[in-house]
Amino acid sequence: MPKLSLVVPVYKVQGYLPECLDSVLGQDRADFEIIAVDDCSPDGSGAILDEYAARDSRIHVIHLTENVGLGRARNAGLEKATGDYVLFLDSDDTLSPGALSAISDRIDATGEPEILVFDYARTYWDGRVRPNLRADLLKAQGPDVFPLTERPQLLDLLQIVWNKAYRRDFITRTGLTFPPGYYEDAPWTFCSMISAERIAVLDRVCVLYRQRREGGNILKTVSRKHFDVFDQYQRVFDYLDAHEELARWRAPLFRKMADHYLTVLERPGRLPQDARAEFFHRASADYRARLPEGFERPAAGRGHKYALLERDAYATMVSALAAVKLRRRVRTRARTALNRSKRGAMGAFYQSQLRLPLDENLVLFSAYWSRSVSCNPAAIDAELARQAPHMRRVWAIRPESAAAVPEGVRAVRVGSREYWAAVARAKYLVNNVNFGDSVVKREGQVHVQTHHGTPLKTMGLDQQKYPASTDMDFEKLLERCDRWDFSVSSNRFSTVVWERVYPCSYTTLETGYPRNDVLVNATAEDVRAARAALGLADGARVFLYMPTHREYQPGFTPPLDLARLATELGPDATVLVRGHYFYGGSPHIAELRRTGRVLDVSGHARVEELYLAADALITDYSSAMFDYAVLDRPVISYVPDWDVYSAVRGTYFDLLREPPGVVATTQAELIGLLASGAYDSPETTARRDAFRRRFCEFDDGHAAERVVRRVFLGDESPLPIVPFDDRSHAPTPAQALAPVERA
C-alpha cells in the first residue's frame with residue numbers, strides 16, 4: 001500500500017502535464033501513487049496520461065466520459081486513492097525536488113497528524129519565483145501538533161487544497177467531498193481545518209504554483225460562474241449548523257466570507273458588468289443573514305466596505321470603485337501615450353494606413369524573415385490559390401529574393417510603403433516566424449503562425465534555461481506571439497511544446513505541416529524531375545547533408561570533411577550539402593564547390609525538392625529529420641558534438657536514445673555505416689517507423705487544405721486524418737527510376 005496518494009485532475013493542460021508528472025516521478029522516494037483524472041479533456045492530455053501510465057505502474061488513469069469540473073474530478077480520484085495520506089496536485093503545477101520525502105518525514109515526526117500544511121511558491125513565465133506572502137504562518141511555534149484553536153491565524157493562508165496532506169481516514173470520517181462549481185476549495189479547506197484535532201505544519205516549499213500567462217485560471221475569467229461563491233459559503237455555514245461544537249468558528253468564517261465576496265467584486269475581469277449589482281445585493285443579503293452577534297468590523301477602509309455590504313449600499317460602493325478605476329485610467333492613458341510615441345517611429349504613412357478598413361480578401365505572406373518564398377507559408381499560398389482564387393496574395397520579400405515570388409502574386413519589398421500598406425490592411429498575415437515589433441495587430445486581423453520545424457532544440461521560454469544560446473528579450477517575444485490567432489502543428493509533441501513555450505491565447509491547428517504535403521503526394525515523375533534539375537545521374541546514391549545552426553559557432557564550418565566523405569563513398573555517390581540559412585555565403589562551401597566532389601545546394605529555393613531527390617539524409621539536430629522522415633527513407637544522425645550541443649542549447653529528447661535511424665559520433669563511424677549499407681537495415685527501419693508515428697502523425701498530404709479551409713473559408717469541421725498505416729508517400733529514387741531503366 002502506498003503511503004501517499006496524489007490526486008491530479010487534468011483538463012486542457014497538455015503543455016504543462018508532462019512537467020507536472022515528471023516532478024512527481026522524479027521524487028527521491030517511491031511509496032506513492034498518482035490517481036490522474038482525465039476530466040474529458042479535449043486536447044491531448046488523456047493520451048499523455050496513458051503514455052505515462054504505460055511506463056510507470058504507480059500512475060492510475062481515470063478517463064471521465066463527460067466534463068464534470070475540478071471538484072468532482074477530484075472526488076473521482078479520491079474514491080480510488082489507497083494511500084495513508086491524500087495530496088491534491090493541480091496538473092499545471094509541480095512538486096519541488098524532495099517534496100514527498102519532506103512531507104513523509106514530517107508526518108512521521110509529528111505522529112501522523114490529520115492534516116499537514118506545507119508551503120508553496122508562485123512561479124512565473126519569466127523565471128521569477130515569488131514566495132508565499134504568509135509563509136510566516138508556517139514557522140515552528142509551540143507544539144508540533146495542535147488544533148486550529150491554538151493557531152487560528154492559519155485560516156489566513158490562501159484557501160487552497162493542494163498545500164496540505166490529509167490523512168485518508170480523516171477524510172472518510174468527516175465525509176468531506178468537493179462540491180461542483182467555482183471556488184470549490186473554500187468549503188473543503190475551511191471545513192477540514194476547523195474539524196481537525198491534530199494539525200501540523202511544514203515550513204518548506206513543496207509545490208511550485210504556476211502563474212499561467214494565458215488561460216487556465218478561473219479567477220481571470222469573466223463569467224456569471226463567479227456567483228458559485230455564494231453556494232460554496234452556504235455549504236460552509238450548513239456545515240457549521242450541523243456541528244454545534246464548531247460554533248466558535250462562525251465569526252472567523254464570516255470574515256473570510258465577506259472578504260471573499262469583496263474580492264470578487266473588486267477584482268477586474270471576474271463579473272460581467274451587468275451582473276455586478278446583482279452580485280452585490282446577494283452578497284449583502286448573505287452578510288445580513290449570517291452576521292454574528294457582537295461582530296466587530298475591521299478597521300479603516302476594509303471596515304467601511306463591510307458597512308456598505310451591511311447597508312446594501314451598492315451606489316456608494318460603485319462610486320468608491322469608480323475612483324479607483326479613474327486612477328487606473330490615468331495610468332493607462334499614460335501608457336497609451338507612450339505606445340503612440342513609439343509607434344510614431346513607424347512613420348505617418350503606416351499610421352494613416354492603420355486607420356483605413358481592413359481588406360477582407362488580402363493575404364500577406366512571409367517566410368524566414370522575408371528571405372524566401374518557401375516552407376509552410378508557400379504551401380498555404382499555393383493551396384489558397386486553388387481553393388480561394390478570389391483572395392489576393394502578397395509576399396513580403398527582401399529585394400534579392402523578389403524573383404522567387406510565384407507568377408501572378410504581388411511582391412512588396414520589406415520596409416517600402418507598399419509593405420506597410422499591406423501589413424496594415426491585410427485581413428490575413430501568414431508567417432513561419434514573427435513579424436517585427438513595429439507591426440501592430442489590428443482588431444479583426446488574423447495572424448497565422450506556421451512555425452518552420454518540429455523542435456528538438458529548446459524554443460521560446462524554455463531557452464531561458466540555456467542563456468548561453470540566446471540574448472533574446474522574452475517579454476518582447478511574447479508580445480509578438482500575442483498577435484497569433486492560429487498556431488500550426490505537425491504533431492502532438494510540437495503542440496505540447498508550443499503551448500508551453502509560447503503561452504498566448506491562440507488556437508492550435510493540428511493539421512500537419514503544409515510544406516510536407518508534397519512529400520506524401522509527389523509522384524515518380526516529381527522525383528525524377530527533382531533529380532534531373534540537380535543534374536544527378538540515374539544510378540547515383542545521393543546523400544543530402546543538412547547540419548543545423550550552432551549558436552556557439554560564428555560561421556558554417558561543417559564537423560565533417562565533405563571532400564573526404566565523397567571520396568570514401570566512391571564515384572557512384574553524390575553528397576548534397578545545404579548549410580543553415582543563418583550562415584549565408586561561406587568560404588568553406590565555396591572551396592568545396594570548386595572541387596566538384598560535392599554539390600552545394602544551400603541556395604536551392606525549395607528544400608522539399610532536395611528531399612525528393614535524395615536517397616538518404618545525413619543531419620545532426622536539424623528539424624529536417626522530422627520532415628524527411630515523412631518519406632520513410634533512411635536518416636543518419638551525425639552528432640560528434642552531442643554533449644556540447646545538448647548542454648548549450650538544450651533538447652527535448654535524447655537523440656542518441658531515440659534516433660530516426662543510425663547514429664554516428666565520429667567521421668570514421670559515419671563512413672563505415674554509409675559504405676557498408678548498415679544505415680538502411682531492418683533495425684533502422686523499425687526505429688524510423690517509431691519515429692514517424694510519433695513525429696509525422698498528422699502529415700497525411702492534406703495539411704495545407706486543412707489550414708485553408710479552417711482559416712480562410714471558415715470551415716470548422718476538419719478533414720479527418722488519414723490513418724497512419726493507410727498513407728502513401730513519394731516513391732524512392734530507385735522506385736521512380738526503375739521504369740526509366742527498363743525502357
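Please read these numbers as outputs of a predicted model, since none were measured by experiment.
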**Asked** Do you see a donor-acceptor pair shorter than 3.5 Å between the side chains of Thr732 and Asp615?
**Response** no

**Asked** When rounded to the nearest 0.5 angstrom, what distance separates CZ in Arg515 from CG in Asp699?
**Response** 9.0 Å

**Prompt:** When you look at CD of Glu475, are more than 12 heavy atoms from neighbouring residues, nucleotides or ligands closer to it than 6.0 Å?
**Reply:** no

**Prompt:** Taking atom OH of Tyr502 and atom CG of Leu478, what is their separation to the nearest 0.5 Å?
**Reply:** 9.5 Å

**Message:** Quick check for you: to the nearest 0.5 Å, what is the distance between Glu51 atom CD and Arg694 atom CZ?
**Reply:** 8.0 Å

**Residue pair Asp381 / Trp395, side-chain donor-acceptor N/O under 3.5 Å** = yes

**Asked** Quick one: are the ring centres of Phe695 and Phe653 less than 6.0 Å apart?
**Response** yes

**Side-chain heavy-atom pair Ile380, Val708 within 4.5 angstrom cut-off** = yes

**Request:** Could you check if a side-chain atom of Arg692 sits within less than 4.5 angstrom of a side-chain atom of Asp632, using non-hydrogen atoms only?
**Result:** yes

**Asked** So which heavy atom on Trp484 is nearest to which on Asn434, and how close?
**Response** NE1-OD1, 2.8 Å

**Request:** Please examine the side chains of Leu674 and Ile636, heavy atoms only from C-beta on, and report whether any two atoms are closer than 4.5 Å.
**Result:** yes

**Message:** When you compare the side chain of Leu670 with that of Leu560, does any pair of heavy atoms fall below 4.5 Å?
**Reply:** yes

**Electrostatic pair Asp725:Arg693 at N-O distance under 4.0 angstrom** = yes

**Message:** Could you check whether any side-chain heavy atom of Val430 comes within less than 4.5 Å of a side-chain heavy atom of Val363, counting everything from C-beta outward?
**Reply:** yes

**Item:** Glu683/Arg687 ion pair, N-O < 4.0 Å
**Value:** yes

**Message:** Quick check with a 6.0 Å cut-off and a 45 degree axis cone: is Arg128 positioned over the face of Tyr124's six-membered ring?
**Reply:** yes

**Request:** Kindly indicate whether the side chain of Leu25, heavy atoms from C-beta on, has any atom under 4.5 Å from the side chain of Asp56.
**Result:** yes

**Message:** Give me the atom names and distance for the closest heavy-atom approach of Ala730 to Leu631.
**Reply:** CB-CD2, 3.8 Å

**Message:** I need the minimum non-hydrogen distance between Thr94 and Arg210, along with the two atoms involved.
**Reply:** CG2-NH2, 4.4 Å

**Asked** When rounded to the nearest 0.5 angstrom, what distance separates CD1 in Ile721 from CG in Asp726?
**Response** 13.0 Å

**Request:** Can you run down the salt bridge (charged side-chain N to carboxylate O under 4.0 Å, His left out) pairs that involve residues 484-501, sequence neighbours left out, and say none if there aren't any?
**Result:** Lys441-Asp485, Asp462-Arg500, Arg492-Glu697

**Prompt:** Is the closest side-chain heavy-atom distance between Pro455 and Phe493 below 4.5 Å?
**Reply:** yes

**Request:** Given salt bridge (charged side-chain N to carboxylate O under 4.0 Å, His left out), test Asp654 with Arg657 step by step and report yes or no.
**Result:** CA-CA 5 Å; Asp654 187 339; Arg657 294 177 179 271; 3.4 Å; yes

**Prompt:** Do you know the tightest heavy-atom contact between Thr508 and Ser489?
**Reply:** CG2-CB, 4.2 Å

**Request:** Please round to the nearest 0.5 Å and tell me the distance separating atom CZ of Arg393 and atom CG of Leu364.
**Result:** 12.5 Å

**Asked** Are the side chains of Thr651 and Tyr621 in touch, meaning some heavy atoms are under 4.5 Å apart?
**Response** no

**Request:** Write down the atom of His604, the atom of Glu609, and the distance for their closest heavy-atom approach.
**Result:** CE1-OE1, 3.1 Å

**Request:** Give the intermediate values and the outcome of side-chain hydrogen bond (donor to acceptor under 3.5 Å, both in side chains) for residues Glu510 and Thr495.
**Result:** CA-CA 8 Å; Glu510 290 186 322; Thr495 299; 2.8 Å; yes

**Asked** Between Phe698 and Phe724, does the ring centre distance come in under 6.0 Å?
**Response** no

**Asked** Can you check salt bridge (charged side-chain N to carboxylate O under 4.0 Å, His left out) on Asp482 and Arg213, steps first, answer last?
**Response** CA-CA 11 Å; Asp482 281 333; Arg213 185 172 179 271; 2.6 Å; yes

**Prompt:** Once you round to the nearest 0.5 Å, how far does OG1 of Thr548 lie from NZ of Lys457?
**Reply:** 4.0 Å

**Residues Ser23 and Glu19: side-chain donor-acceptor under 3.5 angstrom** = no

**Request:** Evaluate side chain to side chain contact (heavy atoms under 4.5 Å, CB included) for Trp420 paired with Val439, printing each intermediate quantity in order.
**Result:** CA-CA 9 Å; Trp420 287 115; Val439 171; 4.3 Å; yes

**Asked** Tyr628 and ring-ring contact (aromatic ring centres under 6.0 Å, His included): which partner among Tyr545, Phe691, Tyr611?
**Response** Tyr611

**Item:** Asp627 and Asn516 side chains, donor-acceptor separation under 3.5 Å
**Value:** yes

**Message:** Walk me through whether Tyr513 and Val488 qualify under side chain to side chain contact (heavy atoms under 4.5 Å, CB included).
**Reply:** CA-CA 7 Å; Tyr513 268 168; Val488 176; 4.2 Å; yes

**Pair Lys476 + Asp473: basic N to acidic O under 4.0 Å** = no

**Message:** Give me the atom names and distance for the closest heavy-atom approach of Glu608 to Val518.
**Reply:** CB-CG1, 3.6 Å

**Asked** After noting the C-alpha distance and the side-chain angles of Asp22 and Tyr52, does the key distance pass the side chain to side chain contact (heavy atoms under 4.5 Å, CB included) rule?
**Response** CA-CA 9 Å; Asp22 289 342; Tyr52 271 80; 2.8 Å; yes

**Asked** Between Tyr506, Phe626, Trp498, Phe486, which is the residue that forms a ring-ring contact (aromatic ring centres under 6.0 Å, His included) with His451?
**Response** Trp498

**Asked** Between Asp572 and Arg541, is there a side-chain N and carboxylate O pair less than 4.0 Å apart?
**Response** yes

**Asked** After noting the C-alpha distance and the side-chain angles of Arg710 and Leu509, does the key distance pass the side chain to side chain contact (heavy atoms under 4.5 Å, CB included) rule?
**Response** CA-CA 9 Å; Arg710 174 66 177 88; Leu509 299 180; 3.8 Å; yes

